[in-house]
Each structure stands twice: as structure tokens, then as C-alpha cells.
Amino acid sequence: MRIKKAPSIAWRKIEGRAFVIEAATSTLHELNEPGTFLWEMINKGTDIEEMVKRTVREYSICDRTARKDIMNFVDRLSKAGMIENKRQ
Amino acid sequence: MKPQANLFRITDSKYIPLICTFELTRRCNLRCRHCYIDVPPDVRSELSTGEIKNSLKQLSRMGTLMLVFTGGEIFLRKDLLELCRYAKKLNFDLKLFTNGTQISKNDAEELSKISISGVEISLYGRENVHDGITGRKGAFEKSIRSVEMLKKHGINVTIKCPLTNLNYSERGWIRKFAKKSGINFKFDPTIAPADSGNQEILKYRMNNRQLTNIYRELGEKPPEAPARRRLDDLSCSAGRNVISIISDGTVYPCLQLALPLGNIKHQKLDRIWSQKNKVLAGYRSISNKDIAVCNSCDMAYLCQRCPGIAKLEDGSLFGPSKIACQIAKIHKKMN
């Protein structure tokens with residue numbers, strides 16, 4: 001599965017954290033450090049399998065935990081209308 | 001700390017230009033009586049498409065997130081949609097300020113696809129008043145049509161209404177129109193002197209009674225006032241996390257503060273914005289003690305002084321601003 005940032009989303013990485021604005025509601029979100037790590041990969045169009053691999057490496061956690069955390073994160077972004085999911 | 005407060009705190013302390021007002025042109029098809037642009041625009045000095053794109057790229061690298069395209073009338077630029085597309089590609093939160101008379105159906109469709117954050121359209125009241133202020137018969141009809149067209153395409157529209165003594169009595173109609181159309185509205189009672197320093201347009205400022213009524217109606221907080229950084233600090237965000245670029249490439253700390261810091265045609269933006277820029281560093285170093293009269297004023301805690309307007313009113317960055325004093329007095333009476 002490949003995830004893509006919704007076109008209306010505006011964002012910038014400032015001092016190590018991603019600040020993301022939903023245009024429709026003008027809501028500003030501040031992502032923490034792991035959230036920013038994942039968000040940057042989403043913005044580059046990285047697929048889920050690759051995101052899992054890189055997260056395992058970055059945070060020295062097992063594949064299962066990384067996958068679960070990523071899917072939770074993706075689910076929250078999706079509910080907030082911040083991403084578009086694309087099945088491959 | 002809430003994300004907004006944290007973002008403002010970080011960018012203010014690190015001098016990251018979070019908010020940029022980019023004036024794309026000074027050309028305009030209307031002749032609004034209260035307009036602060038009173039010098040005929042020199043089209044030859046306008047930035048090219050390439051120069052604007054290059055500046056946007058630099059701004060995105062420097063951390064700018066909120067971007068406003070303003071004019072003049074921005075839809076007079078043939079490359080506007082191209083610039084909007086480019087800005088969104090760079091992940092800016094993009095808003096457009098326009099008089100709404102030049103927006104075509106195709107423009108509305110394209111803007112919807114580009115997913116801009118919103119469009120603010122200037123509207124001064126009903127047809128006779130609006131056309132009278134803008135100096136163009138038919139302007140009202142075109143602006144209203146644009147409001148409806150943009151709304152139909154799912155674009156956030158806000159009616160922006162500078163309030164003067166010419167349209168003071170139109171505020172009720174504006175409110176009702178916005179409510180009926182399901183859009184936001186903003187009143188701005190602060191008419192600034194013209195860029196040239198000409199004070200002639202100040203005759204359109206509302207009188208004390210009118211201003212008092214406006215603030216009573218709007219509640220206690222002054223609308224659209226320049227953001228005070230802290231209650232104990234008289235300075236604003238200009239030159240810290242607010243930047244402006246005008247149509248010939250000159251960089252200002254804020255669109256309202258005509259303090260030339262450099263020009264993007266000849267210099268890199270990060271150099272212009274650096275503490276090594278003596279003009280900018282000097283401006284950033286201004287503290288309460290430099291604004292002596294205001295610092296000792298017992299209404300300072302209520303004051304929304306804009307240094308740019310203060311400078312335009314009497315030539316000094318350090319003095320009080322007449323309109324800010326007037327509004328602070330009104331708020332003191334109301335409290």
C-alpha cells in the first residue's frame with residue numbers, strides 16, 4: 001500500500017518537527033519526532049513495507065511493533081483527511 | 001502548549017519567516033478611495049514568473065508555511081494560476097487576497113483543483129456604496145459573482161471589509177450577506193496612510209462614535225490587529241516570523257512596514273533575512289524602552305500599536321500611532 005499526502009495539506013518541518021495544516025478547516029497539527037519521521041516518508045510516497053523497514057532500523061524495534069504503530073498513525077491521518085491511501 | 005502557540009514561539013525566537021505576504025503586482029483595475037497604494041505602478045519593475053518561483057523556493061527552505069498572494073489585483077497577472085500551483089507543490093498554506101472582479105469560471109475550477117486554503121474578497125457594502133468606493137460601476141456585481149462561483153467550487157471564501165466613514169452603515173448588510181452565503185467576514189477599521197506618506201485618505205477613518213459602536217458590536221477584542229508578541233512587549237511579529245515581498249522584489253519586515261531590507265532580484269533571501277543585515281538587526285533590537293511614550297502609557301496593555309502605521313502617520317517608528325491610541329481609549333472605556 002502506498003500512501004499519499006492529501007493535496008490540500010500544507011506542511012513544514014521546523015526545528016525537527018512537522019507542522020501540518022488542513023486547509024479545509026485551517027487546523028494546525030504538530031507531529032512529534034517519530035510522527036515527523038513517518039510523515040516525511042509519506043510525503044515522499046514511500047510504501048508501507050519500506051516505512052516498516054526504515055522504522056525498525058531507526059528505532060530498533062521489532063517488525064510487528066513498527067507495523068502496528070505505523071498503521072495506527074496512518075489510520076489517524078486518514079480519519080483526519082490528511083492522506084489518501086492507494087492500494088497497489 | 002497548543003501547536004499554534006508553539007509554532008509562533010519557535011519561529012519568533014529563531015527568526016523563521018513563518019508568514020509571508022507576497023505582493024505580486026501593484027496594478028489594479030479598481031480605484032478604491034482608501035487604498036494605501038497611491039504611486040502609479042511601474043510594470044517594468046514587477047518580478048517575473050521565474051523570480052517569484054525562485055523566491056518561493058527560498059521561502060520554503062527558510063520555513064515559511066503560511067503564504068498570502070496579494071496586490072494590487074493579483075488576477076491581473078497572467079501567471080497567477082501557475083504561481084499558485086507551484087506554491088502548493090512546495091507545500092505552502094496558500095491564501096489569495098483579491099477584489100474578485102477578474103476571476104473567471106476556469107480560474108475557480110483550477111483553484112479548486114489546486115486546493116488553496118482560501119480566498120479573501122474585498123467588499124464594501126451594497127452596490128451603490130461598493131461601486132462608489134471602488135470607482136468602478138459593475139464592480140459589485142462581479143465581486144458577488146466571484147463569491148458565489150468560488151463557493152460553488154468548494155473554496156473557502158471570506159469577505160474582507162475595510163470599514164470607513166463611507167461604508168460604516170453597510171456593516172449590517174455585510175454581516176447578513178455573509179451569513180446568508182455561509183461565508184466568513186472580517187471588518188478592518190484601521191485605515192492606514194498611503195505608502196507615499198500622503199495622509200489624505202485618513203479623512204475616511206471613522207469617528208470616535210462609529211469606532212466605539214464597531215468594537216461594541218464585535219466584542220472586546222480588536223479585529224485584525226497586529227499581533228503583539230507578548231503583553232509586556234510593544235513590538236509585533238514583523239521582521240521576526242513575518243516577512244513581506246513587494247511587487248518589485250523589495251523585502252519588508254511586513255507589508256505595512258515599509259522598511260526596505262534588500263531586494264530579491266539582487267540578493268539571496270536568507271542573506272536579506274540574516275542578523276548580518278544591519279537594517280533588520282537594528283529593527284529587531286527595538287525594545288519597549290525605545291518606544292518611550294507608549295511604554296509609560298497606562299493603556300499600553302490594551303494597545304495594538306502597529307509600528308508601520310506609526311511610521312506612516314508621523315515618520316517615526318518609535319512614536320505612538322494615533323489610530324492605536326484612539327482604539328485603546330475606546331477599549332479602556334469599554335472595560
Side-chain angles (χ1 to χ4, degrees), chain A residues 1-48 50-51 54-55 58 69-70 72-86, chain B residues 1-20 56-69 84-96 110-120 150-151 153-158 183-184 186 241:
Chain A
M1 184 168 68
R2 194 178 289 276
I3 301 152
K4 207 177 146 199
K5 170 183 81 68
S8 60
I9 294 296
W11 76 282
R12 205 63 78 215
K13 188 176 175 184
I14 292 171
E15 295 291 302
R17 286 178 171 234
F19 288 87
V20 184
I21 299 178
E22 289 171 66
T25 57
S26 292
T27 310
L28 176 70
H29 300 271
E30 178 180 352
L31 305 185
N32 61 13
E33 194 248 309
T36 302
F37 176 75
L38 297 176
W39 178 260
E40 285 189 291
M41 286 193 279
I42 289 170
N43 199 52
K44 284 176 188 158
T46 313
D47 69 29
I48 290 279
E50 184 60 27
M51 283 172 73
R54 289 191 202 173
T55 304
E58 180 72 17
D69 288 351
I70 289 170
N72 277 342
F73 183 66
V74 166
D75 189 44
R76 285 174 65 190
L77 294 178
S78 184
K79 279 180 183 152
M82 291 160 72
I83 52 166
E84 295 171 344
N85 294 349
K86 279 191 178 170
Chain B
M1 191 180 274
K2 285 188 176 168
Q4 183 128 352
N6 199 28
L7 181 59
F8 273 78
R9 183 189 59 81
I10 296 169
T11 52
D12 180 276
S13 63
K14 304 272 178 187
Y15 300 141
I16 295 169
L18 177 69
I19 303 166
C20 175
L56 293 176
K57 205 173 203 172
Q58 293 182 63
L59 284 165
S60 75
R61 285 186 190 141
M62 288 163 67
T64 302
L65 175 56
M66 293 124 178
L67 177 67
V68 173
F69 283 160
C84 289
R85 266 184 221 105
Y86 189 75
K88 277 309 293 180
K89 200 175 139 197
L90 294 172
N91 297 312
F92 286 105
D93 177 64
L94 177 63
K95 284 194 177 135
L96 308 182
E110 288 302 310
L111 289 174
S112 173
K113 284 183 204 159
I114 295 167
S115 293
I116 59 167
S117 297
V119 177
E120 297 196 3
L150 292 168
K151 180 119 200 318
H153 284 87
I155 297 167
N156 283 331
V157 181
T158 299
I183 55 179
N184 298 320
K186 287 181 190 171
N241 55 8

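A, B, ... follow the sequence lines: proteins, then strands. Residue 1 opens every chain.
For the atom pair CG of Asn91(B) and CD1 of Ile21(A), the computed distance is 11.0 Å after rounding to the nearest 0.5 Å. With rounding to the nearest 0.5 angstrom, the OG atom of Ser26(A) is 5.0 Å from the NZ atom of Lys95(B). Rounded to the nearest 0.5 angstrom, Glu30(A) CD and Ile10(B) CD1 are separated by 6.0 Å. Here the straight-line distance linking atom CG of Asp93(B) with atom CG of Leu28(A) works out to 9.0 Å at 0.5 Å rounding.
When heavy atoms are compared at a cutoff of 4.5 Å, Ala24(A) approaches chain B solely by way of its backbone atoms N, CA, C and O. Interface remark: Leu18(B) contributes side-chain atoms only to the contact with chain A (heavy atom separation under 4.5 Å). The part of Lys14(B) that comes within reach of chain A is its side chain, from C-beta onward, which places non-hydrogen atoms under 4.5 angstrom from that chain. The contact between Thr11(B) and chain A is made entirely by side chain atoms (from C-beta outward), counting heavy-atom distances below 4.5 Å.
Nearest heavy-atom pair across Ala23(A) and Ile116(B) is CB-O, 4.5 Å. Minimum interatomic distance between Ser8(A) and Ser115(B) (heavy atoms only, all atoms of both residues): CA-CB, 3.5 Å. The two residues Leu65(B) and Phe19(A) come nearest to each other via the heavy atoms CD2-O, 4.1 Å.
Taking Ile155(B), Leu7(B), Ile114(B), Asn6(B) one by one and counting their heavy-atom pairs under 4.5 Å with chain A, the maximum is reached by Leu7(B). Per-residue counts of heavy-atom pairs under 4.5 Å with chain B were compared for Arg12(A), Glu15(A), Lys5(A); the largest is that of Arg12(A).
Under a cut-off of 6.0 angstrom, the local environment of NZ in Lys88(B) is crowded, with over 12 non-hydrogen atoms contributed by other residues, nucleotides or ligands.
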